[in-house]
Number of protein chains: 2
Amino acid sequence: MGMDERKFRILQAIIDDYILTAVPVGSRTISKKYDMGLSSATIRNEMSDLEELGYLDQPHVSAGRIPSAKAYRLYVDQLLHQGLLHSDSESAIRAHFLGRMRQMEDVIDHAAQVLSNLTNYTAVVLPPSGPQPRIRTLQLVPVSSNAALVVIVTDSGIVRDAVIRVSEQLDSDTLYAISKSLTKELSGCTLKEAVELLPQITGRMQDNEKLLQGLNSFFQENAGSSHAHVAIGGRSNILNYPEYSDTEKARSFLSLMETRDKLASIIAQQGEMAFTVRIGPETGVPEMADCSIVTATYSTGNGQQGTIGVIGPTRMQYNRVLSILGTMGHQLSELFSDD
Amino acid sequence: MGMDERKFRILQAIIDDYILTAVPVGSRTISKKYDMGLSSATIRNEMSDLEELGYLDQPHVSAGRIPSAKAYRLYVDQLLHQGLLHSDSESAIRAHFLGRMRQMEDVIDHAAQVLSNLTNYTAVVLPPSGPQPRIRTLQLVPVSSNAALVVIVTDSGIVRDAVIRVSEQLDSDTLYAISKSLTKELSGCTLKEAVELLPQITGRMQDNEKLLQGLNSFFQENAGSSHAHVAIGGRSNILNYPEYSDTEKARSFLSLMETRDKLASIIAQQGEMAFTVRIGPETGVPEMADCSIVTATYSTGNGQQGTIGVIGPTRMQYNRVLSILGTMGHQLSELFSDD
DNA sequence: GGTTAGCACTCAACCCCGGCGAGTGCTAAC
DNA sequence: GTTAGCACTCGCCGGGGTTGAGTGCTAACC
């Protein structure tokens, strides 16, 4: 008993129907709604086979069947293979990005918002991260008599800043002079390298103990955290789906959505492919046992990569989501390339 | 029939019990659990009176009573009046702020997190906003050949930045010179005033068309948005309470929690008092018909004010929340004053 | 006159049960 | 290989009885 063409078509119909209705689908439904030229009895036989093959589950004997994770897997692989992702939503997405975005975080936030609105699922957007951002410019701006703002601009145009304490008698010009020499020394370094280089520089600069100490911890703090900012949109969208009408399930899902770090590390597991689809157990997260995660990447001009993702019930509108993610990925890549 | 001492004590007991259990409380419970030296029958008579006075509601005839909004109001006013808010949580909160906070947004985020953890309700923290922040320093940092980062530091130490386009042949030194002259011109101005002053300066600076245009829109964008950043913690905490086990209610609440702007404007309605408590209908927000909002203020060294708030069911542990908010307010004020 | 014991009454919550209907598996005929 | 027919299964739904918490009222008590 193999998986022939007809079985596949029937399976597809079942999945389509279940995605739409969230109700176990019976043989009669298939034979009537999707005209395959087959009677319900025949469908029944095929469904029985499909169940044996592991593509369908039966909640109980007198209910219809629901697709298993394996079925979704097949379905999605098919989608990805055919590549028939009509990007109808292109214009909708483009329209959303007409307004000028001030800064990366705004773009990220906005993208997550748009993504969740378009899909009606939860959307997550990770900022670009790459080999290691390199320092391009470093500048100190006076804030008060004994504090300064240190701003670094990296090669990817990302800006990081923090307020650090400095010794008292540093005026604007002195700070600028220091900034220039530091920029000269550190330009082209990654943040990690900068941490190592600092002690050498300390030797040559006398009394600015405090300043260098501040810089040091600033570099260290930023060297690690690549997932600094994660944008999440439509957190509560999951409640639209009957799968999560159980309060307890909803709660554990939603509290996961509140821990940015964990969420980021889940989403960040993105392979080499244009799209990654993880279905149910494949997510490896117990709270998401009946969720699917679809992710895609976008890239910036200088080879950094970011990830965008959508989280929804396993019964997800995969083709729609894939198409929207694809378009959004393009838009973001474009936006970041001519920046 | 007035509101005598005994009625008040009974009402208090009812509220206490209901806050604890969320179950309509009957006369027998009161006479047994809280020994008032009265039989259930007497309590019953008093409860009947209290209902007539509008302090109690009865879901149906054979259930116990639940406190009305009016009852909570009385209860809270009593609390505030007596001022017996023992701040036991002081040390817990202080411990949370030991680590150095890099920047305001971090503090805000962290405060919301701590607040929601301690109270088990949803917490909202608004950044300080005041009369109008005044520019202290303005600095331009080169980002790429045709873009610069403009950083302004205001008198409250708040930093705003944005990337703007500049004409091509501006190197670091030129930008610094421009920064210095702009700082001289604009120092002490509010952002609004800066918008008006800019055209005059334009006259004196020749070809930097692009730059000034960028600055202009940057000022304008920032002049309005006082609620730039709102920190929210424990969004899904509301699901811990049976009041919100109804999915539909939970959904409308949670989606309100996702619209930062709306939430900010709700929270921001904080009076002159140290604390503001809005109970149920008093919130004026239909989605929060059976929520209460408790807010408090903190202040920065230079007279700016921020708001912290907690949102929970009307059946809220008001004394606990008030005490925690009070302590947190102090901590934040301290943190921002010696900055 | 306030307090209390007693009692009848109410009503949501719970459980049990039978009917309904969607859906299946099997068999026999085409 | 396909299909019609039929017996069977089982979750869902609605009705009816039971339970128990809680009330309001009345009469007796201090």
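Throughout, a chain's letter reflects where its sequence line sits, starting with A, and its residues are numbered from 1.
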Enquirer: Within the 4.5 Å heavy-atom criterion, are B:Thr283 and B:Ile311 side-chain neighbours or not?
Expert: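 Result no, sub-4.5 Å side-chain heavy-atom pair not found.
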Enquirer: According to ring-ring contact (aromatic ring centres under 6.0 Å, His included), who are the partners of A:Phe253, at least two apart in sequence or on a separate chain?
Expert: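 For A:Phe253, the residues satisfying ring-ring contact (aromatic ring centres under 6.0 Å, His included) (neighbours in sequence not counted) are A:Tyr244.
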Enquirer: Can you measure B:Arg6 atom CZ to C:dG2 atom P for me and round it to whole angstrom units?
Expert: 9 Å
Enquirer: Could you check how far CG of B:Asp49 sits from C1' of C:dT3, rounded to whole Å?
Expert: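 B:Asp49 atom CG is separated from C:dT3 atom C1' by 14 Å.
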Enquirer: Would you kindly give the CD1-to-C1' distance between B:Ile43 and C:dT4, to the nearest whole Å?
Expert: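 The answer, rounded to whole Å, is 12 Å.
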Enquirer: Does any non-hydrogen side-chain atom of B:Ile308 lie less than 4.5 Å from one of B:Leu126?
Expert: no
Enquirer: Measuring only between side-chain heavy atoms, which start at C-beta, is A:Leu325 closer than 4.5 Å to A:Val294?
Expert: yes
Enquirer: I'd like to check B:Thr29 versus B:Val23 (side-chain heavy atoms, cut-off strictly below 4.5 Å). Are they in contact?
Expert: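 When only atoms from C-beta onward are counted, B:Val23 and B:Thr29 do not touch, as no gap falls below 4.5 Å.
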Enquirer: Which pairs with one or both residues in residues 65-74 of chain A pass side chain to side chain donor-acceptor pair (under 3.5 Å), sequence neighbours excluded?
Expert: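 Every pair satisfying side chain to side chain donor-acceptor pair (under 3.5 Å) with a residue in residues 65-74 of chain A: A:Glu51-A:Arg65, A:Arg73-A:Glu282.
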Enquirer: Would you list the pairs meeting salt bridge (charged side-chain N to carboxylate O under 4.0 Å, His left out) in which at least one residue belongs to residues 25-41 of chain B, sequence neighbours left out?
Expert: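 Listed once each, the pairs are B:Asp17-B:Lys33.
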Enquirer: Mind calculating the distance between CG (A:Leu38) and C1' (D:dT2) to the nearest angstrom?
Expert: 8 Å
Enquirer: Starting at the 5' end of nucleotides 20-27 of chain D, put B wherever the base has a protein heavy atom under 4.0 Å, S where only the sugar-phosphate does, and a dash everywhere else.
Expert: -BSBBB--
Enquirer: Using a 3.5 Å limit on both distances, find every run of at least three consecutive Watson-Crick or G-U pairs that involves DNA chain C.
Expert: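 Runs of three or more consecutive pairs: C:1-30 with D:1-30.
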Enquirer: Residues in ring-ring contact (aromatic ring centres under 6.0 Å, His included) with A:Tyr121, at least two apart?
Expert: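 For A:Tyr121 the ring-ring contact (aromatic ring centres under 6.0 Å, His included) partners, ignoring immediate neighbours, are A:Tyr241.
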